[in-house]
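Everything quoted here is computed from the prediction, not taken from an experiment.
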Amino acid sequence: MATTAPQAPLAPRASTAPTRAVLARRAAAALATAAVLCAAGAPVAAADAPAPNAQASKLPDGLYGTKDPQYDGVWRQSLALLAQRTVGVRPSVAGVDWLAGQQCSDGAFAAFRADPGKACDDKTMRDTNQTGAAVQALATLGGHDGAVQKAVNWLKSVQNDDGGWPSMSGTPSDANSTSVVIGALKAAGLKPESVKKGDKSPYDALVSFQLGCDAKEGERGAFAFQPKDGKLAPNADATAAAALGGLGQGFRVDPAGKDVNEPVTPLKCEGGADRKPDAKQAAEGGAAYLVAQLDANDQHLKSAMPGAGDQPDVGNTADAVLALAAGSHGDAAQKPLKWLEKNSANWAKEAGPAAYAQLVLAAHAAGADPRHFGGADLVAQLNATGPKPAGSSAPSAAPEKDAQDQDEQGAGVWWVFGIVFVACVGVGFLISGRKKKNDL
């Protein structure tokens, strides 16, 4: 579901991931750290100065997971909160505050800032994937319009001339990062095609990464992560991301219904090899490539990570299910979903909250019950990786109500703190250093 980023320090995704963009984008498996005083949730942005040993520190109550969050803190937090909200769970106030507090003043997010009280500077590694994931989560949760708008403005400011995005600004665009940002724009209420750099939209960039009618048979319709030496190589992870982004979808995909089953349509090549499909047609071609790969490999995708060997990529298979469900390809999505039910448990347990979130989102999109998934309750397993949820309810059509509930809960916490503070002062104690750190 989705993580993505530059070439050096970027979080590994919840499964095996091919490149940095895949890492940041699917960064599903490394968790949390940050120091928290009393009751806060520390914000995070980019590692101005990563915690020397994040696991040795006390992890904040608002953070999901137990692993070092240096490379994927915001990513996994965002996916966890989004998945909870999608299935009617109201996340804890501390968890939401942790994510919101990670934002830099310019609107960007990084993977993790150990000291959110310290302003982001030129060394802060702002990341479009982390920012895009945070936008999708905060927009869905509601009550964070200002933060969402600032993040979108920053994303617009680093859009490349081809209309796409890289993980880190100033580098070439890639399919994964561009797709994550498309999902963020959609979640923020914008039409991705209207967000242009010059005359180029995100969809123009996305289509440019597709192997077209001049490609070898068997590779047509696939997407590359980005060109290498001017050439495109098929990449299943990038294809799953682009098949979702080409439809203007983010990580939250509502099921189309059991009776909806659109046939998968391979890339049409009438009109010559130079013919460029529109984004939706390109997404359909990507879906057809994914189905062919799934059919050839017992309904799972293989790892594209260099040196990973011939092994299943569970996270990318979940991404493929999400993309196929988004295209209303019900039957095609069900087959890899059944494979995930039988083969994802150990992977998710090891990878942590982002992995559970990917599975929850994929199951939900395909019309399955994440609470009864291969004999497991994915929602309970996800909840167990972070702070206790604030409650359960049907996903609200009015997110501002959830924001109001969270504000009321937060007010209650501060009311109790005030009483304790006064009592302590009366007895002569001094409570100091209580800075509220707003804690993926």
Looking only at heavy atoms, what is the nearest atom pair of [X] and [Y], with distance?
X      : Y      : value
Asp106 : Trp154 : O-CB, 3.5 Å
Ala332 : Leu324 : O-CD1, 3.7 Å
Gln70  : Asp68  : N-OD1, 2.9 Å
Ile182 : Gly248 : CG2-CA, 3.9 Å
Val148 : Ala188 : CG1-CB, 3.8 Å
Leu155 : Ala184 : CD1-CB, 4.4 Å

Between atom [atom1] of [X] and atom [atom2] of [Y], what is the distance when rounded to the nearest 0.5 Å?
X      : Y      : atom1 : atom2 : result
Phe373 : Leu337 : CZ    : CG    : 4.5 Å
Arg220 : Glu217 : CZ    : CD    : 5.5 Å
Asp298 : Asn343 : CG    : CG    : 8.0 Å
Ser169 : Met125 : OG    : CE    : 10.5 Å
Thr317 : Gln299 : OG1   : CD    : 9.5 Å
Glu193 : Leu185 : CD    : CG    : 10.0 Å

State, yes or no, whether a side-chain contact exists between [X] and [Y] at a heavy-atom distance under 4.5 Å.
X      : Y      : value
Pro370 : Leu359 : no
Val180 : Phe251 : yes
Lys335 : Leu294 : no
Arg126 : Phe109 : no
Val291 : Asp295 : yes
Gln84  : Asn383 : yes
Tyr289 : Val264 : no
Leu244 : Val253 : yes

When you measure from the side chain of [X] to the backbone of [Y], do you find a donor-acceptor pair of N or O atoms at a distance under 3.5 Å?
X      : Y      : answer
Gln136 : Ala187 : no
Asp127 : Ala111 : no
Arg371 : Val87  : yes
Gln210 : Gly285 : no
Ser201 : Ser194 : no
Gln334 : Ala366 : yes
Asp162 : Ala205 : no
Thr124 : Asp121 : yes
Thr178 : Trp165 : yes
Asn160 : Thr171 : yes

Taking atom types as modelled, is there a side-chain donor on [X] or [Y] under 3.5 Å from an acceptor on the other?
X      : Y      : value
Asp254 : His364 : yes
His300 : Gln311 : no
Asp377 : Gln381 : no

| said: Could you go through Val96 and His144, starting from their C-alpha distance and side-chain angles, then the distance that decides it, and tell me whether this counts as side chain to side chain contact (heavy atoms under 4.5 Å, CB included)? | reply: CA-CA 10 Å; Val96 178; His144 298 273; 3.4 Å; yes
| side chain to side chain contact (heavy atoms under 4.5 Å, CB included) between Lys280 and Leu247: does it pass, once the steps are laid out? | CA-CA 6 Å; Lys280 186 175 180 181; Leu247 297 173; 4.0 Å; yes
| said: What verdict does the side chain to side chain contact (heavy atoms under 4.5 Å, CB included) test give for Lys150 and Gln103, after you've listed the backbone C-alpha separation in whole Å, the side-chain angles of each residue and the deciding distance to 0.1 Å? | reply: CA-CA 9 Å; Lys150 285 176 64 177; Gln103 192 172 32; 4.0 Å; yes
| task | Walk me through it: do Tyr203 and Asp278 pass the test side chain to side chain contact (heavy atoms under 4.5 Å, CB included)? | result | CA-CA 8 Å; Tyr203 294 133; Asp278 62 27; over 6 Å; no
| message | For a side chain to side chain donor-acceptor pair (under 3.5 Å) check, start with the C-alpha distance between Glu284 and His329, then their side-chain angles and the critical distance, and finish with the verdict. | response | CA-CA 10 Å; Glu284 287 294 302; His329 304 304; 3.2 Å; yes
| task | Give a yes or no on whether Lys338 atom NZ has more than 12 heavy-atom contacts from other residues, nucleotides or ligands under 6.0 Å away. | result | no
